[in-house]
Participant: 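Got a structure here, written out as structure tokens. Questions coming.
For the numbers below, each heavy atom of this structure counts, side chains included, while hydrogens, waters and symmetry mates do not.
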Amino acid sequence: MKMNKYHYLMIIFFVTFSVLVYANSQTTVVKEDEKTILLKLKSYLGNTSDIQQRWNLSSSPCTWPEISCSRGFITGINLEYQYLAAIPPIICKLKNLTHLILASTFLSGAFPTVVYNCSKLKVLDISFNKFQGPLPTDIHRMSRLTGLNLRSNFFNGAIPGAVGLLSELKHLHLTGNDFEGSIPREIRNLSNLEILDASSMEKFELATIPNELGKLKNLRQLVFMRSNLIGNIPEAISNISSLEYMDMSENYLNGSIPGVVGQLSKLRRLFLTGNNFEGSIPPEIGNLSNLETLDISFMGKFELATIPDELGELKNLRNIRIVNSNLIGNIPEAFSTFFSLVYMDLSRNYLNGSIPDWLFRFENLSDLNLERNQLHGTLPIPIGEAKFSALKLSWNQLSGKIPLEYDKYSNYDFSGNFDLCTCNSSHATKYLPLCTNQKHHKAKIKAPVFVVVLVIIVLVCLSCYILKHSKLSLSKCSWKKTQEIDEWEFIPFRSTNFTRSEILLNLTEENLIGSGGSGNIYRIGVDENRSHVAVKRICNQRKLDNSRKKQFLAELQTLSGVRHVNIVTLICCISNENSKILLYEYMENQSLDKWLHPKQGRESLVMISPAQNVVLKWDTRLRIAIGAARGLCYMHNHCSPPIIHRDIKSSNILLDNDLNAKVADFGLAKVLAKCGDTETASAVAGTFGYMAPEYAYTAKVSMKSDVYSFGVVLLELVTGREPVHRDEAINLAQRAWKHVEEEELIEDALDEEIKGPANLKAMSEVFKLGLMCTNKVASTRPSMKEVVQVLLLIATNRPS
């Protein structure tokens, strides 16, 4: 029988309907016993989790965002950013579970061997938690694992060779732990490995890169940043033919960069910055036809050499950074083929010649930094308008007028080119003069020389007389305008969009926002959007010899390498022989003490908040306590050696736009003390009311000293009282202990403005924690890791 259109439509309808029904049955129908397991798992989650409402009997687990299913079985659980009290053993009764994501769930304790019972587990992610202790030597029992992420925990000890028995492993993330030793040579057995991330291993011993890595034929990403590597890059590295990403920056690698790196034909990103390599850039790098990012910076031991023309073969290059690496000669003409280039930084070298016109014709190039070279000639005139988001050509030998195409952009930096001038008076400075009429200039030259000399002598004598007899008392941190700006060294730790002169010339009274024993603090705008930085000028330092100067800079490099959401970022240092200027990110809501104690500083909040009588709610105070504790914990536990603050107090806890806490001035006391500045070190290394007894009596400082100071901050948060009040004979910590010893009710000591039935329990618990932290016996105080854990428990268990 011949089929008509109607029959075809009916067949299509029934086939489609059957497929949809089948698909639906595979994704929404789950066995009741598996659903029961998930509902039991829910009891391990924090009360504030939205999962408590969404996971219920009326819906299928396959519709829950955290659950993945296949063929009616649960195969994946993702609880990232939830609070999980522990990993329940019942979870492994999900017999088809292959993916378990428990990142950032506040888990702690030893490695969770309970997951050994998840027989089909392929991916385990327990990153960003508080696990500690060594990895088990029988970790290979998870034989089916293809992905293991242990990033940012507190695991220690040696990485067991048993890791090399996880033969199916493709992704291995070990970064940010306290592992000791080095990468085990058994790693060579992971023939399927595609990603190996073992960066930020500050406790690794100084060790060479094992030749065995050359056996990992399928490796695509190799990350060994900041892991105490020494020796040469082994030639066996060329055997990893699949490698696309290699980062070995900030180690102690030496010798020359081997030419065999040019055999990694699939390499897309290469980072070798901050090592001790000698020689020069190998021309074989030009063979990396797929390379998109190249960073070979801060190679202080490189010989003076030109950029090899062979790099011009990198047609796909988008980012190139070769900073402070002894480059000489011209910018190669071969670079004119970099049509995909977005970012180029060749600053702090010895490049000469003129700036090539073709650099200003790249359509995609948005960030160009050639500052502090020896480039000369005039600025090229671009075709159309210049479109750089950042253009830094300062401190070269450029000459002539700045073309109008550039002159209207305030984020372009041409300062320090003394033969260059601007026609825009608003951009003219001492280091970028205003263009003047040439004839008028010549007329000045014709003035009698003796008259000019006579005028100069008179002015000098008059100035000396005034300075000698003036009764004006200058403050110890006053800015000397006569001091040459080029005497100051600019040391950036982050990418900056401002110049040294912009900062130094704005250290004025109108920008002053605070002062202390170590110097003054300024608030300075740094771009056309009036973004600000906080500038701390440390004054009256004794002249440093070369060794102490290197030590000072080494310490600052350590502090600048700290990246944590609860620590204020150190941007750069500007220094000369006698003074140091430190630039930090600016925190709009200033310091915690100005919010807690309005008599001391609420008036300064008028400029940032319309509400002059704002009282911080308890939820906000608890969040601030957790944030500050995390920052302090990070520095105590993730830096080697640990960095001790020495001056924790509410004025050193700064608040961003959302009132999130960031600890400021971390390690500054230690840095200054090492420079031999007794006055400055004593001024910043402790504040009365916050200092631990053993520190005040013996001057011996430890992490437990920081814990004591933080305990005083906790007491400030819950009581609203100042650490020291002029009308009271005892400080806040002593008052709190006396309150308890006299068996008075804790709730009577709490801040009346915020305490209420909903907050009373949590505030009382934080008060008790403050007492524990301020115990006179240092050994009985908790660690900052324990303080964070207690605060998180308090925050999680309070009523929603």
Side-chain angles (χ1 to χ4, degrees), residues 347-348 369 371-373 390-396 398 402 410-418 420-422 424-434 467 474-516 518-544 549 552-553 556 560 568-586 665 668 671-672 675 677 680:
S347 61
R348 297 176 179 271
N369 188 348
E371 66 183 5
R372 295 192 175 276
N373 280 285
L391 177 62
K392 298 181 180 180
L393 302 177
S394 62
W395 302 99
N396 279 283
L398 302 174
I402 297 176
S410 60
N411 58 332
Y412 292 1
D413 187 2
F414 304 106
S415 61
N417 292 279
F418 295 104
L420 196 65
C421 65
T422 175
N424 188 333
S425 58
S426 63
H427 293 169
T429 67
K430 179 179 179 181
Y431 295 99
L432 186 60
L434 189 67
L467 287 173
L474 298 175
S475 71
K476 66 177 180 178
C477 204
S478 60
W479 169 244
K480 297 179 181 179
K481 292 290 185 180
T482 57
Q483 193 169 25
E484 291 295 329
I485 291 181
D486 55 7
E487 293 177 1
W488 294 80
E489 183 179 6
F490 184 80
I491 308 164
F493 305 123
R494 299 285 191 276
S495 176
T496 60
N497 59 349
F498 52 81
T499 65
R500 171 183 55 175
S501 57
E502 285 181 278
I503 300 301
L504 295 174
L505 294 175
N506 281 289
L507 295 177
T508 59
E509 193 72 26
E510 61 184 13
N511 291 327
L512 184 67
I513 60 172
S515 60
S518 61
N520 290 344
I521 301 174
Y522 302 83
R523 175 178 178 264
I524 296 178
V526 292
D527 61 29
E528 58 187 4
N529 297 321
R530 304 313 294 166
S531 297
H532 293 87
V533 292
V535 181
K536 183 162 189 174
R537 184 157 191 247
I538 306 162
C539 303
N540 287 347
Q541 280 200 316
R542 294 186 299 184
K543 186 174 180 180
L544 307 182
K549 181 180 178 182
F552 177 86
L553 294 178
L556 283 186
S560 67
V568 174
T569 300
L570 177 60
I571 300 171
C572 68
C573 173
I574 303 175
S575 68
N576 67 7
E577 291 181 343
N578 302 310
S579 294
K580 301 289 178 284
I581 296 174
L582 303 177
L583 276 70
Y584 297 89
E585 61 175 320
Y586 181 72
D665 276 359
L668 184 58
V671 173
L672 294 174
C675 292
D677 190 343
T680 305

Participant: Where do Thr422 and Leu434 come nearest, in terms of heavy atoms and distance?
Facilitator: O-CD1, 3.2 Å

Participant: Please report the interatomic distance CD1(Ile524) to CG(Leu512), rounded to the nearest 0.5 Å.
Facilitator: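 Between atom CD1 of Ile524 and atom CG of Leu512 there are 10.0 Å.
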
Participant: Measure the spacing between CZ of Arg500 and CD1 of Ile581 and express it to the nearest 0.5 Å.
Facilitator: 11.0 Å

Participant: Are Leu583 and Phe498 close enough that some pair of their side-chain heavy atoms sits under 4.5 Å apart?
Facilitator: yes

Participant: Measuring only between side-chain heavy atoms, which start at C-beta, is Ile402 closer than 4.5 Å to Phe414?
Facilitator: yes

Participant: If only side-chain N and O atoms count, and only distance matters, is there a donor-acceptor pair under 3.5 Å linking Arg523 with Tyr586?
Facilitator: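 Note: Tyr586 and Arg523 side chains meet the donor-acceptor criterion.
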
Participant: Would you give the length of the straight line joining atom OG of Ser347 to atom CG of Asn373, rounded to the nearest 0.5 angstrom?
Facilitator: 7.5 Å

Participant: With no hydrogens and no angle check, is any side-chain donor or acceptor of Asn506 less than 3.5 Å from a backbone partner on Gly525?
Facilitator: no

Participant: How long is the span from the CD atom in Glu489 to the CD1 atom in Ile574, to the nearest 0.5 Å?
Facilitator: 10.5 Å

Participant: So do Ile503 and Phe490 actually touch side chain to side chain, heavy atoms under 4.5 Å?
Facilitator: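 Of all side-chain heavy-atom pairs linking Ile503 with Phe490, none is under 4.5 Å.
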
Participant: Rounded at 0.5 Å granularity, tell me how far CG in Asn520 sits from CG in Leu507.
Facilitator: 9.0 Å

Participant: What distance do Asn396 atom CG and Arg372 atom CZ have between them, rounded to the nearest 0.5 Å?
Facilitator: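 CZ of Arg372 is found 9.5 Å from CG of Asn396.
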
